[in-house]
Amino acid sequence: MTDISRKDRLGFRLSRLHRRATAHLPELGLGGLVTAGGTFLLFQEELIKQLAGDLPTWLLAILALPFPIAAGWITHLVRRRREHPARPALAPMPFPDRPEGLVGRDAELQQIKDLALDRGLVVVQGAMGSGTSSVAIRAMWDLAGEARKQRYADLRGPDRNHPETPLSVAQRVLRTLNRPPGGIQEPQDATAQVIEALNGTGCVLLLDNVSTWSQVDWLPTRVPGAHIVVAGTLSDELPQHAEPIQLGPLAPEAGRALLARHIGDDRVTQDPKALALLVDACLGSPLEIVRVGRWLAGNPNVPLRSLVDDLRRLSIDKTLDFVLSLSIKQLRPTAKQLFILLAGLPIAEVDHQAAAALLGVPSAGDAITELADFGLVENVRMTRVRVTGAFRDSGAAGTPQENAAWRRLVEHFAEQAAAYAARLPADEARTWFAMEDRVLLQVLAGAEPGRQTGRALGRIADGLEAWFRLEQRHEDRLRAAAALSAAAKALGDERVQATAELRQCAIQLTWGDPRKARQHFTQAAELRVRVESWPAELHLEHAALLLAGGDEFTAVESALVRYGQALSGGDVTGHAIRMTNVAALLMRKGQTFDHDGRGPEARSLYADARAVLFRALDLAGRAGDPGAQAHAHELLALTHHYLGQGFDARSHLEQAERLYAQTADETGRARCLVQRAGVLLEDPGHAAESVVALLEEAEPRLPPFGVSTALAHLHLGRLREGRAAEHQDAGLAALSPWDGIAEPQQITQLRALLQAL
């Protein structure tokens, strides 16, 4: 474990104190500055009297002229050296700059370009430090020299020990191609969208830092008029069609040329044999050669032979770490402290602002530059910094200093997440969350949440909930809510834990799984024993659970009344949601009456539901909530359909689809597509191909369980007679969460229709 001396730690603390004082100086305001300045002038006057009391007048006159000039010049120098924190870069991730001066890779570059033109999909593989990314990026610049034809995704996730999942990779690629990532349930669902986005564009898509082939095995093998390049370590076995271009160690001549570029011709000519021995010690790794070259360039008085002698005394497995150890010893206190903190973090990389938060200073730019110059950290993904692989987990962990730094980091992310969540769906907020959502999840899922971080973790989870809801990434919503629940339980915060359990309940209901939703609801209710102490959301989820688990309409109505009572008077969106749920209850009552042959009573309930929905739509419009408006339009379409008013039903469906598309709610839009298919099927002159097209578009966007999913398979089973059994199984599987528990009459009827296929 790397340690820092008491002297270095004292130097770091003095430096941090100075930076904090400088950063907070503007907070004094005009009055504070006048007061402080007046006090300073009084002390200054007394000091001048003491110092200048015995000086002759003619000497004071001579000193009075140059003194203001010298003071102004010194002030100018101090201000010019002062470090200003850079604004975070929030533009979409550009294609990396063109690497210049690659040594010894001409053959591989030509091979990549030839295969890209011949096959379409190229895999570039190499060991850590072999320059895989640089070679792939340079080849892509040669294939597509225009920035508008370059698409780049860095798949190196924030978790050091676990690569990103295939679904996460597919979502990142879709975002790179300006496609909504929440519209896929499985990685394979992204294949067609990648083909559609790249087909005939002449673009190059580079997926960098891929860990395993399983992350990208869903990629199309060829896209006409486009190229796809996969670069990374790829530890697992590749299929035959993806034979990789393997980057090995540099040839000795290339290694010597690369090292000579850093240390200069004079030192090379003095001892060429020592130069060759240094290259051999680096085992042909470009990363290690550059590291040795940078250290030698920073220590011009060290002979090459001296470093060679030191390396010869070490075993082979320690030679590559030797120069890094020398670099650490030369670090200044602030840079050394930052390195220790970064190396001990449970997350692999942070942005520059987060690094400053770790140190507790306004900016960490100088420290990061110093670490990068010695090869101890890498600047990746624009303004992000990552500890070099050889020194991961080498920092101090668990000490009071590191615990305080972790708390500062969590609070920094909480402030950022809350600020950007409030700006959603603005482009800059989307860009920030797209870069940081995996890091935030990693922070939230820490094994042992630090003391006094509960509130900050809750704000991070709130930001992720807003972001993942916007992107309709329900799996990530569930992961974030589960992580928050575990952290709150570890910290003994029952209120936050209840909120997290409620979120999981709502997500499971969205997925159409009332059984799991009931489990989370029960846990939340146990944390809030008295019904009177339930928050409004708990009453709403209770009503939704009762409605999904049977036809106990009186209990549902009671839960909705309690929900309305728990809402504040100014919560317009909440009251709109309450009215929408009341209308859903009236419609469900009407459906049961229809089934029992009580048509007039059912029509009366449908008419009442329609009136309530128009009031809900008005409230949602006043609240400016497009999601609530879309849901009201969707239910209005159903009520008009039940009342036999087809034109109005189609009109509201179109409005609902438009609003769901506006909010990127692919699940809601898919439900509307299923409803449109149902309306078309009731038209005697309908075209079967049009209905199938609607259902095929909806199916991959629907949740794995639920009424809409089962209904889609029922329609497809009737239209595709040869695949009726397949759709029957899929439809019954969508209703499986109700197996063995109470179910509403709607589910019973749908199950019977599927079994009759």
(message) Just to verify, which of R175, R477, Q171 counts as forming a side-chain hydrogen bond (donor to acceptor under 3.5 Å, both in side chains) with E471?
(response) R175

Closest non-hydrogen atom pair between [X] and [Y], with its separation:
X	Y	value
T221	L121	O-CB, 3.4 Å
A144	Q150	O-NE2, 2.8 Å
P249	L283	CB-O, 3.6 Å
G232	T132	N-CG2, 3.7 Å
P181	R473	CG-CD, 4.4 Å

Taking the side chain as everything from C-beta on, heavy atoms only, tell me whether [X] gets closer than 4.5 Å to [Y].
X	Y	value
L102	S134	yes
W218	V173	yes
P220	I228	yes
L464	I460	yes
L307	N299	no
V223	L205	no
I245	V135	no
V377	L338	no

Hey, could you give me the [atom1]/[atom2] distance between [X] and [Y], rounded to the nearest 0.5 Å?
X	Y	atom1	atom2	result
M140	R151	CE	CZ	14.0 Å
I368	H352	CD1	NE2	4.0 Å
L341	L409	CG	CG	9.5 Å
D236	D217	CG	CG	8.5 Å
H227	T201	NE2	OG1	9.0 Å
L155	L207	CG	CG	5.5 Å

(message) Can you tell me which residue among R332, R294, K336 is in a salt bridge (Lys or Arg N to Asp or Glu O under 4.0 Å) with E370?
(response) R332

(request) State whether the number of non-hydrogen atoms from other residues, nucleotides or ligands found under 6.0 Å of E237 atom CD is greater than 12. (result) no

(message) One thing to verify: whether R98 and D142 come together as a salt bridge, which I'm taking to mean a side-chain N less than 4.0 angstrom from a carboxylate O.
(response) yes

(message) Taking R438 first and then D476, would you say they form a salt bridge - that is, a charged N and a carboxylate O separated by under 4.0 Å?
(response) yes

(message) Ring-plane angle category for H241 and W213, please: parallel below 30°, perpendicular beyond 60°, tilted otherwise.
(response)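 Answer is perpendicular, since the angle exceeds 60°.
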
(request) Could you label the plane-to-plane angle of the F433 and Y420 rings as parallel, tilted or perpendicular, counting under 30° as parallel and over 60° as perpendicular? (result) perpendicular

(request) Carefully, step by step, assess R105 and L250 under the rule side chain to side chain contact (heavy atoms under 4.5 Å, CB included). (result) CA-CA 8 Å; R105 297 300 191 192; L250 285 178; 3.8 Å; yes

(request) Would you please test Q353 and Q416 for side chain to side chain contact (heavy atoms under 4.5 Å, CB included) and show each step? (result) CA-CA 10 Å; Q353 285 186 315; Q416 295 284 89; 3.3 Å; yes

(message) R172 vs D154, test: side chain to side chain contact (heavy atoms under 4.5 Å, CB included). Steps then yes/no.
(response) CA-CA 9 Å; R172 191 182 293 279; D154 188 343; over 6 Å; no

(request) Kindly indicate, with the supporting measurements, whether the criterion side chain to side chain contact (heavy atoms under 4.5 Å, CB included) is fulfilled by R119 and E243. (result) CA-CA 11 Å; R119 297 183 182 178; E243 183 178 351; 4.1 Å; yes

